[in-house]
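Heads up: the structure comes next, in structure tokens.
These numbers come from a predicted model, not from an experiment.
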Amino acid sequence: MKKIKILGLVLGISFTLTACGSSGSSKNDSEMYVNSASSATEEYAYDDYEYADEPYMEEEEEEVVTSTADGGEVSVSENANTSNRKLIKTVNLNVETKSFDELVTNLTEEINSLGGYIEDMNGNYGSVYSSYRSSKSANITARIPKEKLDGFVNKVGESANITSKSESVRDVTLDYVDMESHKKMLLEEQDRLMEFLDQAETIEEIISIEDRLTEIRYQVDSMESQLRTYDNKVDYSTVTIYIQEVVDYTTPIEEPKTPTERMKEGFVNSVRDIGIGIREFCIGFVINLPYIVLLLILALIAFVIYRIVNKKIKAKEELVKLNKQKAREEAIARGENVQEPKVFVEKPKN
């Protein structure tokens, strides 16, 4: 309905221009067009351009007749312009590899050879403090030409173990066509306004036309930017690859195993884990041996200091005891009455 209204508005403007041209009054022409453009601007604001509420006009389909094996015929409807659709494709891959550096190098070279490019890349290349289970990982976002997407995904599957994969396709054909149509109408309006700008005689007319021209230029630039973005996303599919370095590949999900197979597999895995644990303990012990020696030396020093301090404390207590004993004997020698220290004995509870 909006397109019909806009078309009617354009025809009305054209009719007005023709009638006014025959009267030979350029001033009235410009005033009438400025008023029409202003009212059109108020009624059809294109700042937030959307056609979500318009019915989608399906492309014409052609009927193809094919023969069956028994000599009959069957008709199949096909879209005549399927190849012209604007499709944005996105692929997400999670992969495992035993040769991380080699895989990253090969993928980078493959992307460049296909005419694509890496849009974003970040990775974790391990640490000397990592355990044997820690590994390298990377997240790569690549843009691949749409016609070479399937070949690239197959190449990744040949070079690594794909653990998960997801694909999505977004059809922006309707948005693209509507935006191009809107841009064309704005450019036609811009050309007419330029003609009326040459015929304008008053400051008010010139300002009004220039304001509308500024709006049109801004909208056209915005639409051209959006169309270029659509073209880039359509021509270059987005592939996100998460790479994880592993010791062993993840086994695919198989049919349920029998109890005997599960016990056998679990026993083998337990023995393997114990062997790996012993190996890693020995490696860790050797790696941390300097720290262990340092801790033993510190512990020995602390023990020696404790013995020395404890010995001094006991010697001091023994000296105090001897002095008390000596003073008691001297008091007895002088004939003084010395009371024996009372000893309190705790009675056992019944």
Side-chain angles (χ1 to χ4, degrees), residues 48-59 61 78-125 135-183 221-246 249-250 252-253:
D48 298 325
Y49 173 69
E50 292 183 356
Y51 279 110
D53 57 343
E54 292 189 4
Y56 176 68
M57 302 301 294
E58 295 289 339
E59 297 177 347
E61 297 183 348
E78 294 183 354
N79 195 316
N81 297 320
T82 302
S83 60
N84 295 328
R85 302 195 69 82
K86 300 291 183 179
L87 304 178
I88 298 176
K89 296 183 179 180
T90 303
V91 179
N92 297 315
L93 300 174
N94 287 349
V95 303
E96 296 176 336
T97 180
K98 296 180 181 179
S99 304
F100 177 83
D101 297 330
E102 180 180 355
L103 177 62
V104 171
T105 302
N106 292 339
L107 289 181
T108 303
E109 294 176 353
E110 182 69 15
I111 292 170
N112 294 330
S113 65
L114 293 176
Y117 60 93
I118 295 178
E119 188 175 61
D120 181 66
M121 178 177 180
N122 57 78
N124 174 25
Y125 296 93
S135 58
K136 301 177 182 179
S137 61
N139 197 11
I140 300 175
T141 301
R143 304 297 300 280
I144 307 296
K146 61 180 181 180
E147 65 275 4
K148 301 177 181 179
L149 175 62
D150 294 336
F152 177 74
V153 173
N154 294 334
K155 183 69 175 179
V156 175
E158 295 173 358
S159 304
N161 180 39
I162 299 179
T163 58
S164 66
K165 174 183 176 182
S166 64
E167 298 182 9
S168 64
V169 179
R170 179 187 171 197
D171 190 347
V172 295
T173 307
L174 180 60
D175 294 338
Y176 194 94
V177 172
D178 285 347
M179 195 169 294
E180 281 189 327
S181 300
H182 187 195
K183 174 188 169 184
D221 291 341
S222 177
M223 290 180 184
E224 288 179 346
S225 176
Q226 183 63 36
L227 290 173
R228 287 194 298 269
T229 301
Y230 276 150
D231 288 334
N232 180 264
K233 290 184 177 181
V234 170
D235 295 337
Y236 289 85
S237 300
T238 302
V239 182
T240 302
I241 311 172
Y242 177 72
I243 305 172
Q244 180 77 29
E245 186 181 44
V246 296
Y249 287 144
T250 301
I253 300 176

Candidate pair Leu114 and Glu110, rule side chain to side chain contact (heavy atoms under 4.5 Å, CB included), full reasoning: CA-CA 6 Å; Leu114 293 176; Glu110 182 69 15; 3.9 Å; yes
Tyr249 and Thr163: CA distance, side-chain angles, deciding distance, side chain to side chain contact (heavy atoms under 4.5 Å, CB included) verdict: CA-CA 9 Å; Tyr249 287 144; Thr163 58; over 6 Å; no
Ile118 and Ile140: CA distance, side-chain angles, deciding distance, side chain to side chain contact (heavy atoms under 4.5 Å, CB included) verdict: CA-CA 7 Å; Ile118 295 178; Ile140 300 175; 4.2 Å; yes
Arg85/Asp171 under side chain to side chain contact (heavy atoms under 4.5 Å, CB included): CA gap, chis, key distance, verdict: CA-CA 7 Å; Arg85 302 195 69 82; Asp171 190 347; 2.7 Å; yes
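The side-chain contact (heavy atoms from CB on, under 4.5 Å) test with Lys233 is passed by exactly one of Ile88, Thr90, Val172, Leu87: Ile88. The only option from Thr105, Ile243, Val246 that meets the side-chain contact (heavy atoms from CB on, under 4.5 Å) definition with Phe100 turns out to be Ile243.
Atom NZ of Lys155 has 12 or fewer heavy atoms from other residues, nucleotides or ligands within 6.0 Å.
At least one donor-acceptor pair closer than 3.5 Å links the side chain of Glu96 to the backbone N or O of Thr250. Distance alone, capped at 3.5 Å, places no donor-acceptor pair between the Ser225 side chain and the Asp221 backbone. Asn232 places no side-chain N or O within donor-acceptor distance of the main-chain N or O of Arg228, the cut-off being under 3.5 Å. Side-chain atoms of Thr173 come within 3.5 Å of backbone atoms of Lys86 as a donor-acceptor pair (strictly under, hydrogens ignored).
Donor-acceptor pairing under 3.5 Å is lacking for the side chains of Glu245 and Ser137. A donor and an acceptor atom, one from each side chain of Asp231 and Tyr176, are located under 3.5 Å apart. Using modelled atom types, one finds a donor on one side chain and an acceptor on the other under 3.5 Å when comparing Ser164 with Asn94. Between the side chains of Ser237 and Arg143, no donor-acceptor pair of N or O atoms lies under 3.5 Å.
Taking the side chain as every heavy atom from C-beta outward, Thr141 and Thr238 approach each other to under 4.5 Å. Contact of the Ile241 side chain with the Val156 side chain is registered, since non-hydrogen atoms from C-beta on lie closer than 4.5 Å. In this structure the side chain of Lys165 reaches within 4.5 angstrom of the side chain of Val153, judged on heavy atoms. Between Met179 and Gln226 the shortest side-chain heavy-atom distance falls below 4.5 Å. Proximity of Asp120 to Asn122: side-chain heavy atoms (C-beta onward) are separated by under 4.5 Å at one or more points. At least one side-chain heavy atom of Glu224 sits under 4.5 Å from a side-chain heavy atom of Lys183. Side-chain contact between Phe152 and Ile111 is present, with heavy atoms from C-beta onward closer than 4.5 Å. Looking only at side-chain heavy atoms (C-beta outward), Gln244 and Val95 stay at 4.5 Å or farther from each other.
Interatomic distance, OG1 of Thr108 versus CE of Met121, reported as 5.0 Å (0.5 Å rounding). Rounding to the nearest 0.5 Å places NZ of Lys89 at 6.5 Å from CG of Leu149. Taking CG from Leu103 and CG from Asn161, the interatomic distance works out to 11.0 Å, rounded to the nearest 0.5 Å.
Cation-pi check for Lys146 over Tyr236 is not met; the charged atom does not lie both under 6.0 angstrom from the ring centroid and within 45 degrees of its normal.
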